[in-house]
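Heads up, the thing below is written out as structure tokens.
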Amino acid sequence: METVLHRLKQETHIAPKEIIFCNVIITYYARARLPDKALQTFHRIPSFRCRRTVKSFNTLLNALLICKEFEKLKEVFFDMENYACPDACTYNVMINACCLCGDVGYARKMFDEMLIKGIQPNGVTFGTLVNGLCANSMLEEACRLKDDMVRVYHVKPDGFIYVSLIKGICRVNEVNLALKLKEEMLESKVEMDSGVYSTLISALFKVGRRGEVSGMLEEMKRNGCKPNTITYNAIIFGLCNEKDFDSAFDVLNEMEGGRKLREANDLFEDMPRRRCAPDVVSYRTLLDGLCDGMQFKEAALILDEMLFKGYVPRAVSINNYVSGLLREGETSLLWTVLDSLAGVNCIDIDTWRMVVSMVSDKDKLPKPCEFVDALLMEQNDADHNHKLYNNDEKLLPPFSAVPVVSWRKDFQKMYIFNFAGKRTLTCLIATI
DNA sequence: ATAGGGTTAG
């Protein structure tokens, strides 16, 4: 680093940007536990023909925090007016430092000071404070702050804040209360992430409610959060604690399966660079692998990409994909996938039959006679029936054998019409 | 990638 910096200083035609000093140099010195070097770099920034702002000042404060040089940190902070005008980030680092020292009172003082100076606290400010309160067993205060941040400061709590609260509450075994908070997140549409579920899963194990874990995992996936290493670690630890090593190995295998899929995906994405453009077989192979590994979202991306290129999956693959989506209750993704597939008319009768029979059980489809009535009505309703016209703008007769695909999901939630031909329609109606 | 969270062990 010293050599590079020396060269950088000599090369007068290069003017490094401040962000390089922040993200790379100061931060890496801090990680190497070299606070003096970090401080020295901060002071030298102007000698590199670079303007120094509050950004590098904040980075320096955080570097001293990483090195646990709290005395030095205080000193630099009180010397602030010589370097920069403080902003929210400045106070966020200071609040974090106070909390890590266990001095929540001083953290609050910092918070008040920023208000006095007219600096608007942001999500990070509250996240840091809530976390500090929880870490210092001040749960009631933390919950109150979460409510106040909306009411008084008009900042919406995010996932970070909820996770801190949930963890704090789980530590005193109030898992039901933690689950309530998770519901509150869903209700107020706070974006969910795997952190929320990892925390809850490990808490469920701790209080001996192992039975609820698989449901939690399902909900997690339903809400678009993928279990990551942290989630798996929590599960494996919980299972090992209960001496259920068979299940623990199953989870471990599932984890490794996911890793190999990622490797396959990486290799696939690297193919163009290796001068080997993926062909229809590459796409089909990857799609099958993703579906088998239940990576349905990734599969949908690959599907659209291959359809765009004019490649079509094998019929068995489509059947496998759709049945996986049905099995896992991935309803909204199912519609997307069916839309894409119907767009190129490549859904076979068996797949349609499966979808109709599965969905008609759950979503009370109309009786066959009503179904036909509705179909005929659609034929007469020119307004939103544009797909029933052929290229000559002529209305197609009912039960036409002309290969036109129509796909409606908006009426009573469930009308699957595939106008690929009489055979398909007959099959659908018979199934219902 | 100036600032905040989630698991466990060695």
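Side-chain atoms are counted along with the backbone in the values below, which use heavy atoms only and exclude waters and symmetry mates. Numbers restart at 1 for each chain; the letters A, B, ... are given by sequence-line order, proteins then strands. For clarity, every value in this text was computed on a predicted model and none was experimentally measured.
Not a single salt bridge (charged side-chain N to carboxylate O under 4.0 Å, His left out) links A:Glu218 to another residue, sequence neighbours left out.
You'll find the ring centres of A:Phe111 and A:Phe126 inside the 6.0 Å limit.
Comparing the P positions of B:dG5 and B:dA1 gives an interatomic distance of 13 Å, to the nearest angstrom.
Using modelled atom types, no side-chain atom of A:Asp270 and backbone atom of A:Asp266 make a donor-acceptor pair closer than 3.5 Å.
The number of heavy atoms from other shown groups lying within 6.0 Å of NZ (A:Lys74) does not exceed 12.
Screening A:Thr125, A:Thr128, A:Asp87 for a side chain to side chain donor-acceptor pair (under 3.5 Å) with A:Asn92, the sole residue that qualifies is A:Thr125.
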Each nucleotide of nucleotides 3-10 of chain B classed B (base within 4.0 Å of a protein heavy atom), S (only sugar-phosphate) or -, in 5' to 3' order, makes BBBBBSS-

